[in-house]
Number of protein chains: 2
Amino acid sequence: MIESTLVSVDVIALRFDPDARTVLVGVAPRAQAPFAGELALPGVLLGRGERLRDATTRAVTGKLGLAGESVTATGQLATFDEPSRDPRGPTLSIALWATVTGPSGDVAVWHRLDDVPALAFDHDRIVADCRPLLADKLWRDVAFTAGLLGREFTTAQALDVTESLTGDRPYPANLGRTMDRVPGLERTTEHASALPKGGRPPLVWKWSSEAVRA
Amino acid sequence: MIESTLVSVDVIALRFDPDARTVLVGVAPRAQAPFAGELALPGVLLGRGERLRDATTRAVTGKLGLAGESVTATGQLATFDEPSRDPRGPTLSIALWATVTGPSGDVAVWHRLDDVPALAFDHDRIVADCRPLLADKLWRDVAFTAGLLGREFTTAQALDVTESLTGDRPYPANLGRTMDRVPGLERTTEHASALPKGGRPPLVWKWSSEAVRA
DNA sequence: GCAATAGTGTCTGTTAGACAGTATTCC
DNA sequence: GGAATACTGTCTAACAGACACTATTGC
């Protein structure tokens, strides 16, 4: 009988901050050794029979201090199998993404995707390797996109999120055409409320009800 | 302490058969319960500290009866976490791909990708879910493509492989342009040897030496 | 009106898809 | 020459990228 492997679940928790106009990743200082006090992605050991989705929520609530309801969507990214990645012994790490909303949590520290500080374990590598995967999901994976932007959002916010994930701000006209092709996403004629500094109010986009049965 | 999860590695082993002009998946009857005698993807339990690549090779050699050298490339697909997928208890399955060449092996049974028989466990689902992922790797993932087609190949074989994976036979001119854009792939002026039934000999394509440092 | 923000029309170059026509081989 | 196979040139539609111009708001 082969001795079984430990499996941990490490989560890239993303939150869109409309005020900062950017997407943020949640990290937290580790409570225990190894790497006690150092920042790390929220991660937990996968329980026997536990679903990945449940472990993801457990990591986000337990390690970042968020409410379970604030997790709007989750999904897989990749698996990291470097045996020496955890000093306690060989541990498989399944990297997942989660989109969250609402209050920022008790212990979470939020950083821009292109400005994540040095993290414990191989978490720097996980973030670096998974960033292109995340950028690829925007406007392609409806659950991811809707989870990040919420039930309805403005063109300006869509531009901000795209810039945060891809590193490149698209032209509004081009992004509009991209969004027109996203299934379940509808351009409304409503305008958002006036801006603090003036300027034309942006258009509102909404997910059709079937598309977001989260 | 949380009781740890069992992790199995299930492999979609692909082989291009130039005579049958199609890509084949390797499956084998299970030697032990559960599902003894039924066909299944080659799979093994992941050992403690074992790399996924090594477990993939172990599955292909042990369960399909192929030589270790016949595995030309491997990579990740997705993770399946349905707790009831294995009657022995909750088991995580990491699905991986492997490309193989050479003799077809002692126990392996080979089927066309669009004609895989009913399989044990949730392996039907794994094949169905992963097929689009595999089609997406062709001409994009150089290791995958080179592993499947080998060091050099003809335009006709490229057409056959593309048709097997995507279900659609492209026009030669269009595939040629796609291949012109694949980094490390070079169109030669050589022609393959004559065909059994006559006809113009196809052009040969080669990977540049840096591209295939497998 | 001016600054600030947002949306629209249109042009360009690239790519995917399609197909007729041509080339090379065996018999 | 005819059947079988393979390659080439070119046309069309879709798409990404770019940008000038117009529209709406607060001051």
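What's counted below: heavy atoms across the whole structure, side chains too, no hydrogens, waters or symmetry copies. By convention in this document, chain letters (A, B, ...) are assigned in the order of the sequence lines, proteins followed by strands, and residues within each chain are numbered from 1.
Arg21(A) has its CZ atom 11 Å from the C1' atom of dA4(C), to the nearest Å. When the C1' atom of dA16(C) is taken as reference, atom CG of Leu138(B) falls 16 Å away, rounded to whole Å. Protein atom CD of Glu190(B) is 17 Å distant from nucleotide atom C1' of dC7(D), rounded to whole Å.
By the side chain to side chain contact (heavy atoms under 4.5 Å, CB included) test, Asp86(A) pairs with Pro34(A), Arg88(A), Thr91(A), Phe121(A), sequence neighbours left out. For the side chain to side chain contact (heavy atoms under 4.5 Å, CB included) test, no residue two or more places apart in sequence or in another chain qualifies with Pro103(A). Every salt bridge (charged side-chain N to carboxylate O under 4.0 Å, His left out) that Arg140(A) has, sequence neighbours left out, goes to Asp136(A). Residues satisfying the salt bridge (charged side-chain N to carboxylate O under 4.0 Å, His left out) test with Glu163(A), not counting sequence neighbours, are Arg169(A). For Arg125(B), the side chain to side chain donor-acceptor pair (under 3.5 Å) partners at least two apart in sequence or on another chain are Asp129(B). Listed by chain and number, the residues in a side chain to side chain contact (heavy atoms under 4.5 Å, CB included) with Ala158(A) are Trp139(A), Phe153(A), Leu175(A), Met179(A) (sequence neighbours excluded). Taking Pro132(B) as the reference, nothing meets the side chain to side chain contact (heavy atoms under 4.5 Å, CB included) condition, with sequence neighbours excluded.
Of the residues in residues 167-182 of chain A, those with a non-hydrogen atom less than 4.0 angstrom from any atom of DNA chain C are Ala173(A), Arg177(A). Contacts of residues 153-161 of chain B with DNA chain D (heavy atom under 4.0 Å): Thr155(B), Ala156(B).
With hydrogens and angles disregarded, no donor-acceptor distance shorter than 3.5 Å links the side chain of Trp110(A) to the backbone of Val23(A).
Put simply, Arg200(B) has no side-chain N or O that comes within less than 4.0 Å of OP1 or OP2 on dA3(D).
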